[in-house]
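A short worksheet on the structure shown next.
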Amino acid sequence: MVQTVTAADTAVEAPQEDGTHPRPIRRSHSALRLFRRPGFTLATVFVAFVIVAAFAPTLFTSTDPYATEPAQRLREPSAAHLFGTDDVGRDLWARTLYGSELTVRAALIAIGIALCAGLVFGVVSGFFGGRVDAVVMRGIDVQLAIPGLLLALAIVTALGFGTVPVAIAVGVATVPGFARTTRAEVLRVKTLPYVEAARAGGAGWPRVLVRHILPNSWGPVSGLAVLEFGTAIISVAALSFLGFGAAPPRAEWGSLIAGGRNYLLTAPWVSLLPGAMVVVTVLSLNHIAKTLQEVRR
C-alpha cells in the first residue's frame, strides 16, 4: 500500500498498514501543545467569552442596556457597575456586552463573505492558471491598490447605514488577502508528488481538487481567517465610530467609544473601557493566529 505524506501537518494522509489513521493522533498532540501555552489558553478563553457574549449576553448580565437613570450618570466603575455608567446613566458593562452582539456578528459576516469569495477567486486563479490567473489577479491587484477602510467607506455609503451594510463593506474590502493566500497555496500544493501520483492513478482534476488540493491548502487560509477576524472587528468598530453603524440607542463598540469622547477628561472610562475590550479582543486573536502559524511550521 502506498502511503502519501506531505510536508505540512495538515496533509491528507493514507491509512497505515495496521489500519489506523495518523491524523487524529497528530491533531490531539497539536492541541495539547497549543494549550500548554498559557498565553494561547488565556487568549482562547477570552475570545470564547466574547463570542458567547455576542450571542447570549444575558449569561453575563441581567441589566437592561437601554434603561436610563439620570441620577446615576457618569458613575465610576464599581461592583454595581463594572464599567461605570454613561452620560444618561446606562450601565456600560451591559452596553459593552450587548454591543459585542452587533460588532462581533458583523465581523463574522464580513469574514464569511471574504473567505467564500477569496477561496473562489484563489482556487480558480491558482488551479486554472494562464489567462484566467492573469485576469483574476489583476482585478485583485486593483482592489489592493485601494485602502481597505476607504473602500469600505465607499461601499457602505452606497449601500446605506446599518450593521449589515457595514459587514458587507468590510467583507468585500477583505477579499484580496484571502484570494492571494489561497492562490499561493493552490499553486504550491498542485505541484506536490502526491497530486501527481493521484493524477497518474487516473483521478480526474475535480477529484484531485476536492480530495487533495483544497484540504492541504486550508491551513494558512484558516490562520489568516483568525487574523483577519481581528482586523474586521477594528474596521467594523471604526465605521461604527464614524456613525455608519446601527442607529442609536443600539450599542456597538465603535459607537460606545464615540459616545464617550466628550468626557475623556471627566469620565475617561466611558470610552476607554469599551476601547479596551476591542484592543484585548484583537490582540487575543492576533496571538492565536501567530501561535497556530508557529505550530504548523
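Only this structure's heavy atoms are used, side chains among them; waters, hydrogens and symmetry mates stay out. These numbers come from a predicted model, not from an experiment.
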State, to 0.1 Å, how close T174 and A114 come at their nearest heavy-atom pair, and which atoms those are.
-> CB-CB, 3.7 Å

When rounded to the nearest 0.5 angstrom, what distance separates CG in L119 from OG1 in T182?
-> 4.5 Å

Would you give the length of the straight line joining atom CG of D91 to atom OG1 of T68, rounded to the nearest 0.5 angstrom?
-> 12.5 Å

Please report the closest heavy-atom contact between T96 and P274, naming both atoms and the distance.
-> OG1-CG, 3.9 Å

Please walk me through it: do H81 and L92 pass side-chain contact (heavy atoms from CB on, under 4.5 Å)?
-> CA-CA 7 Å; H81 304 285; L92 272 176; over 6 Å; no

Check L102 against T163 and note the closest heavy-atom contact, atom names and distance.
-> O-CG2, 3.8 Å

Drop me the distance from I234's CD1 to T103's OG1, to the nearest 0.5 angstrom.
-> 12.0 Å

Are V45 and L59 co-members of a hydrophobic cluster defined by side-chain heavy atoms under 4.5 Å apart?
-> no

Look at the side-chain heavy atoms of Ile, Leu, Val, Met, Phe, Trp and Tyr, link any pair under 4.5 Å apart, and say whether Y98 and V164 land in one connected group.
-> no

Below 4.5 Å, heavy atoms only, C-beta onward: do P249 and R90 meet side chain to side chain?
-> yes

Grab the two heavy atoms, one from A117 and one from V175, that are nearest each other, plus how far apart they are.
-> CB-CG2, 3.9 Å

Indicate yes or no: at least one non-hydrogen side-chain atom of N286 is less than 4.5 angstrom from one of L227.
-> yes

When you measure from the side chain of T85 to the backbone N and O of R75, does any donor-acceptor pair fall under 3.5 Å?
-> yes

For F121, does the CZ atom sit with more than 12 other heavy atoms under 6.0 Å from it, leaving out its own atoms?
-> no

If you measure from NZ on K290 to CG on L292, what distance do you get to the nearest 0.5 Å?
-> 12.5 Å

Would you check if the side chain of S240 reaches a backbone N or O of V236 as a donor-acceptor pair within less than 3.5 Å?
-> no

Going by heavy atoms in the side chains, are F127 and V132 under 4.5 Å from each other?
-> no

Is it the case that one hydrophobic cluster holds both V279 and F46, taking links as side-chain heavy atoms less than 4.5 Å apart, direct or via other members?
-> no

Mind checking the OG1-CG spacing from T58 to D64? Nearest 0.5 Å is all I need.
-> 12.0 Å

Under 6.0 Å from the CZ atom of R250, do we count more than 12 heavy atoms belonging to anything else shown?
-> no

State, with a plain yes or no, whether a side-chain heavy atom of V136 is found less than 4.5 Å away from one of F128.
-> no

Answer yes or no for R95 and F83: cation-pi contact, defined as NZ/CZ to six-membered ring centre under 6.0 Å and angle to ring axis within 45°.
-> no

Are V104 and I288 co-members of a hydrophobic cluster defined by side-chain heavy atoms under 4.5 Å apart?
-> yes

Check whether any side-chain N or O of S222 sits under 3.5 Å from a backbone N or O of G219 as a donor-acceptor pair, and report yes or no.
-> yes

Go through W93 and L273 one step at a time and tell me if the side-chain contact (heavy atoms from CB on, under 4.5 Å) criterion holds.
-> CA-CA 9 Å; W93 170 248; L273 293 180; over 6 Å; no

Is L242 linked to V166 within one hydrophobic cluster, defined over Ile, Leu, Val, Met, Phe, Trp and Tyr using a side-chain heavy-atom separation of less than 4.5 Å?
-> yes

Could you go through the side-chain contact (heavy atoms from CB on, under 4.5 Å) check for Y263 and T266 one step at a time?
-> CA-CA 5 Å; Y263 306 98; T266 57; 3.8 Å; yes

Ion pair check, D141 and R180, cut-off under 4.0 Å = yes

Look only at the side chain of S255 and the backbone of A251, and say whether a donor-acceptor pair between them is shorter than 3.5 Å.
-> no

Taking the side chain as every heavy atom from C-beta outward, state whether W218 and E185 have any atom pair closer than 4.5 Å.
-> no

Quick check: does any side chain N or O of E228 sit under 3.5 Å from a backbone N or O of I111, one acting as donor and the other as acceptor?
-> no

Is V270 close to D87 at the side-chain level, that is, under 4.5 Å between some pair of heavy atoms?
-> no

For L153 and F244, run side-chain contact (heavy atoms from CB on, under 4.5 Å): C-alpha distance rounded to whole Å, both residues' side-chain angles, the deciding distance at 0.1 Å, then the answer.
-> CA-CA 9 Å; L153 279 171; F244 291 98; 3.4 Å; yes

Are side-chain heavy atoms of L97 and F49 found at a separation under 4.5 Å?
-> yes

Check whether any side-chain heavy atom of R183 sits under 4.5 Å from a side-chain heavy atom of L187, and report yes or no.
-> yes

Locate the shortest heavy-atom distance separating A267 from L74; write the atom from each residue and the value.
-> CB-CD2, 3.9 Å

Donor-acceptor pair, side chain of Q143 and main chain of V172, under 3.5 angstrom | yes

Roughly how far, to the nearest 0.5 Å, is OG1 of T181 from CG of L224?
-> 4.5 Å

Can you name the nearest heavy-atom pair linking T63 to T61, along with the distance?
-> N-OG1, 3.2 Å

